[in-house]
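Structure first, commentary second.
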Amino acid sequence: MSAVTTTVPEGTAHPYALSHLDSLESEAVHILREVAGEFERPVILFSGGKDSIVMLHLALKAFAPAPVPFSLLHVDTGHNFPEVLEYRDRTVKKHGLRLHVASVQEYIDAGKLRERPDGTRNPLQTVPLTEAIQHHRFDAVFGGGRRDEEKARAKERVFSLRDEFSQWDPRRQRPELWQLYNGRHAPGEHVRVFPISNWTELDVWQYIEREGIELPEIYFAHEREVFNRNGMWLTAGHWGGPKEHEAVETRLVRYRTVGDMSCTGAVDSDATTLDSVITEIAASRLTERGATRADDKMSEAAMEDRKREGYF
Amino acid sequence: MTTTAEQLSTTTLLRFATAGSVDDGKSTLVGRLLHDSKSVLTDQLEAVELASLNRGQQAPDLALLTDGLRAEREQGITIDVAYRYFATARRRFILADTPGHVQYTRNMVTGASTAELAVVLVDARNGVVEQTRRHAAVAALLRVPHVVLAVNKMDLVAYAEPVFAAIAEEFTAYAASLGVPEITAIPISALAGDNVVEPSAHMDWYGGPTVLEHLETVPVSHDLTACHARFPVQYVIRPQSAEHPDYRGYAGQIAAGVFRVGEAVSVLPSGRTTTITGIDALGESVDIAWAPQSVTLRLADDIDISRGDLIAPADDAPAVTRDVEATVCHVADEPLSVGQRVLLKHTTRTVKAIVKDIPSRLTLDDLSQHPAPGRLVANDIGRVVVRTAEPLALDAYEDSRRTGSFLLIDPADGTTLSAGMAGAAFAAVAEAVTAADDDAWDF
């Protein structure tokens with residue numbers, strides 16, 4: 001390595017230069033293949049959101065022309081967007097994948113979970129998720145989390161060891177050196193793996209455009225019946241909104257993230273194409289979570305606290 | 001706006017690490033890079049303002065931007081390496097933000113292991129201190145290709161050129177003696193913003209780049225044709241489907257160099273030779289591929305190859321050995337002792353191993369080697385001799401960061417014990433262990 005640095009000026013077409021998207025893609029594929037090589041029962045957490053869609057796309061490329069050697073797991077809050085569920089099922093069918101669903105609604109119906117007074121179901125996902133991991137004995141669970149999303153996530157390793165209660169202990173993380181990922185774990189423990197840790201929201205969108213990846217329609221501007229709660233545009237629907245004093249109006253909006261309808265807000269937008277979405281993101285002065293996620297605003301350490309309990 | 005999208009997709013990626021001790025202004029520098037490159041968004045800034053206000057602080061505390069954990073905010077310290085992302089029109093950056101407190105060595109080793117550039121901060125009032133030498137030594141040890149010396153707090157020394165020149169000269173001489181290939185010294189004030197993103201109005205005697213300008217223009221591509229080509233096999237792809245009944249591909253990320261269709265290759269450790277008949281670059285068939293691309297190689301002969309094997313050019317394959325000499329940085333709280341049984345993870349291969357000897361421990365302050373310490377504790381850097389249960393195709397770390405590095409792992413609980421760099425050399429410092437000690441090694 002020492003004597004081989006060249007002085008190729010920036011901007012010239014170095015024959016061996018990789019674009020930043022190619023570097024990130026290559027790194028993510030390497031991580032996916034490491035897990036396939038070292039774990040017995042990996043699973044991809046798939047929500048139908050753009051990050052998990054990109055992750056699945058990377059997995060399809062990583063093992064082609066063979067099928068993806070992982071099954072999918074979706075934690076269904078019961079308040080998912082219908083367009084996203086439709087996308088999920090279509091994708092699973094198209095690629096001949098196996099889908100496991102952990103249902104928050106079933107837990108509520110069985111009396112194992114109680115609805116929260118604020119109506120949001122995002123925090124309720126942790127128990128069905130961790131029990132599904134234990135039930136199926138998954139030893140590696142891929143998540144589409146990115147370190148740029150949130151300051152607690154900035155601290156998370158690519159390979160994140162979870163104990164038998166699926167808990168994350170940020171003070172006992174393994175140092176991650178070079179590209180040597182240490183996935184060793186005891187029976188009952190598992191490793192959360194984040195292949196797109198180093199991507200930003202903009203990288204994800206640019207990659208979607210470059211690869212021509214199809215997304216659920218809610219990511220693009222469309223007319224929608226929404227109402228305002230705590231400064232966010234929430235979709236009116238059977239999940240329990242709006243309340244009496246909250247007025248429904250039709251607005252031109254799109255979603256930057258996909259999650260539980262009770263806590264995922266839409267943004268005003270007229271971006272109907274990938275190009276215009278990328279332009280909008282590049283100019284935005286808000287992070288995607290700051291703009292559209294109510295659950296992260298609950299406290300300064302909301303994300304860290306949920307992650308400690310077993311959330312992604 | 002298409003131009004911007006085009007610009008964005010052709011940018012390159014630079015991974016770099018920062019090193020600095022507690023009071024020399026690293027947080028301020030990182031904060032200013034993020035802030036002045038407009039990478040701090042309104043809601044993040046608002047959250048910091050609110051949190052600062054809740055603590056009774058008048059001005060927003062930018063350290064809260066980067067201290068992500070509850071314990072870090074409560075104690076006002078940075079516990080662990082964090083990775084941050086920012087971009088300019090010219091380049092994307094991944095910054096390994098390494099904390100400067102007592103656990104410095106393992107944290108900086110972690111950050112530097114993937115970095116192509118390290119920024120070492122110095123307080124202009126104090127000059128090169130013990131901590132500076134330690135940072136330079138770690139950068140040299142990890143073979144970080146570019147080092148930036150940021151002489152900070154120039155505002156507190158009246159922006160005086162002689163102060164900067166003396167520090168830059170001392171540091172450059174020291175770092176060069178360690179084998180750091182490229183050193184760039186920049187006088188800055190992170191607090192006032194001099195030469196971080198904008199050129200300083202106070203130092204017209206300085207004609208070089210600002211920190212950001214340098215980060216944007218430093219070359220990240222290496223002349224890979226000069227590197228020994230190495231391909232650790234990660235995973236064997238065999239669809240066995242109607243469409244692909246005979247497909248057998250060896251998936252992996254090229255660790256170094258270039259591979260071409262038609263090239264004769266050896267498979268290690270077995271030593272069998274064959275020819276590359278095809279390269280699939282994530283769905284596209286190509287004639288040539290290079291590091292760090294993730295690809296799939298197809299070979300002429302149906303020989304036995306599995307995860308952990310290494311493919312290399314037939315005329316440029318590494319030697320295979322079971323006796324590993326290396327420099328390690330011990331990263332675990334539990335010590336590493338002579339006689340200890342460990343696992344050694346090298347590229348895609350994990351093997352049983354035993355620590356045969358710890359010939360010396362390095363004192364980073366003066367780079368002196370202390371013989372036969374018996375064990376290494378957290379943050380120690382030392383020489384080790386390890387005997388492995390199976391042969392490894394190992395390069396010297398100075399030739400290849402990727403195929404010369406390894407981990408030592410505790411087989412009982414999976415803890416990562418040490419970060420290893422194979423080979424006889426520590427940076428450019430001559431081996432301090434004498435030949436007499438070599439004879440005593442018990443293989």
Side-chain angles (χ1 to χ4, degrees), chain A residues 1-2 4-8 10 14 16-21 23-26 29-30 33-34 36-37 61-67 147-148 151-152 154-155 170-171 173-180 182 184-186 198 200 202 206 210 275 278-279 282 284-287 290-291 300-301 304, chain B residues 1 4-5 8-13 41-44 51 68-70 79-80 82-85 90 92 94 106 110 113-114 143 145 181 217 219 221-224 226-227 234-235 237-239 244 247 251 253 282-283 290 292-294 307 331 345 348 398 400-402 405 407 409 414 416 419:
Chain A
M1 209 77 178
S2 47
V4 293
T5 309
T6 61
T7 47
V8 178
E10 185 71 12
H14 189 277
Y16 300 126
L18 279 193
S19 75
H20 82 280
L21 282 182
S23 309
L24 292 172
E25 180 187 55
S26 175
V29 164
H30 174 250
R33 288 167 169 177
E34 280 299 282
K61 289 185 89 168
F63 301 99
R147 290 183 183 135
D148 80 319
K151 54 190 183 295
K155 293 275 173 176
R171 307 193 92 163
Q173 299 195 89
R174 292 171 179 162
E176 213 149 67
L177 296 138
W178 298 286
Q179 287 79 17
L180 293 167
N182 177 358
R184 297 195 76 83
H185 59 283
N198 284 326
T200 64
L202 195 55
Q206 287 182 272
R210 187 183 91 170
D275 230 23
I278 290 170
T279 305
S284 173
R285 298 304 304 148
L286 290 177
T287 64
E300 205 183 330
E304 179 185 348
Chain B
M1 219 47 207
T4 308
L8 287 170
S9 61
T10 54
T11 53
T12 49
L13 189 63
L41 299 181
T42 312
D43 56 315
Q44 294 172 317
L69 302 174
R70 196 181 271 281
I79 289 174
D80 208 337
Y83 294 87
R84 326 219 164 264
Y85 306 84
R90 306 174 80 170
R92 300 300 187 89
I94 299 178
R106 65 178 167 195
T110 301
S113 72
T114 52
R143 308 264 168 191
T217 52
S221 307
H222 296 103
D223 184 1
L224 294 162
C227 284
Q234 262 192 300
Y235 192 78
I237 294 176
R238 287 181 63 211
H244 302 280
Y247 186 97
Q253 187 173 25
L282 304 182
W290 58 89
Q293 288 181 315
S294 280
R307 177 174 169 82
V331 295
K345 180 163 188 171
T348 55
E398 62 183 313
S400 169
R401 288 172 90 184
R402 192 119 183 200
S405 57
L407 303 181
I409 295 169
T416 299

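Within every chain, numbering begins at 1; the chains are lettered A, B, ... in the order of the sequence lines, protein sequences first and strands thereafter.
Contacts between A:Arg174 and chain B at a heavy-atom distance below 4.5 Å involve the side chain alone, from C-beta outward. Using a 4.5 Å cut-off between heavy atoms, B:Tyr235 contacts chain A through its side chain alone, with no backbone atom that close. Both the backbone and the side chain of A:Glu34 come within contact range of chain B, with heavy atoms under 4.5 Å apart. A:Ala186 does not touch chain B: none of its heavy atoms, backbone or side chain, sits under 4.5 Å away.
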Report task. Check the pair A:Leu202 / B:Arg92 against side-chain contact (heavy atoms from CB on, under 4.5 Å), numbers first and verdict last. Result -> CA-CA 11 Å; A:Leu202 195 55; B:Arg92 300 300 187 89; 3.7 Å; yes

Query raised in the report: Going through the distances and angles, do B:Gln293 and A:Leu18 end up as a side-chain contact (heavy atoms from CB on, under 4.5 Å)?
Result: CA-CA 8 Å; B:Gln293 288 181 315; A:Leu18 279 193; 3.8 Å; yes

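When atom types are taken as modelled, the side chain of A:Ser26 and the backbone of B:Pro292 share a donor-acceptor pair closer than 3.5 angstrom. Between the side chain of B:Arg401 and the backbone N or O of A:Trp178, no donor-acceptor pair lies under 3.5 Å. With hydrogens and angles ignored, the 3.5 Å screen pairs a side-chain donor or acceptor of B:Gln234 with a backbone N or O of A:His30.
With chain B as partner, the option from A:Gln179, A:Lys61, A:His185 having the largest number of non-hydrogen pairs under 4.5 angstrom is A:Gln179. Ranked by non-hydrogen atom pairs under 4.5 Å with chain B, the options A:Ser23, A:Ala36, A:Ala64 are led by A:Ala36. Here B:Ser294 is the residue among B:Gly283, B:Ser294, B:Ala251 with the most heavy-atom pairs under 4.5 Å with chain A.
Here CD1 of B:Ile94 is found 9.5 Å from NE2 of A:His20. Values are rounded to the nearest 0.5 Å. In this structure, OH in B:Tyr85 is found 9.0 Å from OG1 in A:Thr200, a value given to the nearest 0.5 Å. Within the model, atoms OG of B:Ser405 and CG of A:Leu180 stand 4.5 Å from one another, a figure rounded to the nearest 0.5 Å. Put simply, CZ on A:Arg184 and CD1 on B:Ile409 are 6.5 Å apart, with the number rounded to the nearest 0.5 Å. To the nearest 0.5 Å, atoms OG (B:Ser113) and CD (A:Glu176) are separated by 9.0 Å.
Summarising the geometry of A:Ala62 relative to B:Ile237, their closest heavy-atom pair is O-CD1, 3.6 Å, with the distance given to 0.1 Å. Closest of all the heavy-atom pairs between A:Asn182 and B:Gly414 is ND2-O, 2.8 Å. Of all heavy-atom pairs spanning A:Leu177 and B:Thr110, the tightest one is CD2-CA, 3.7 Å.
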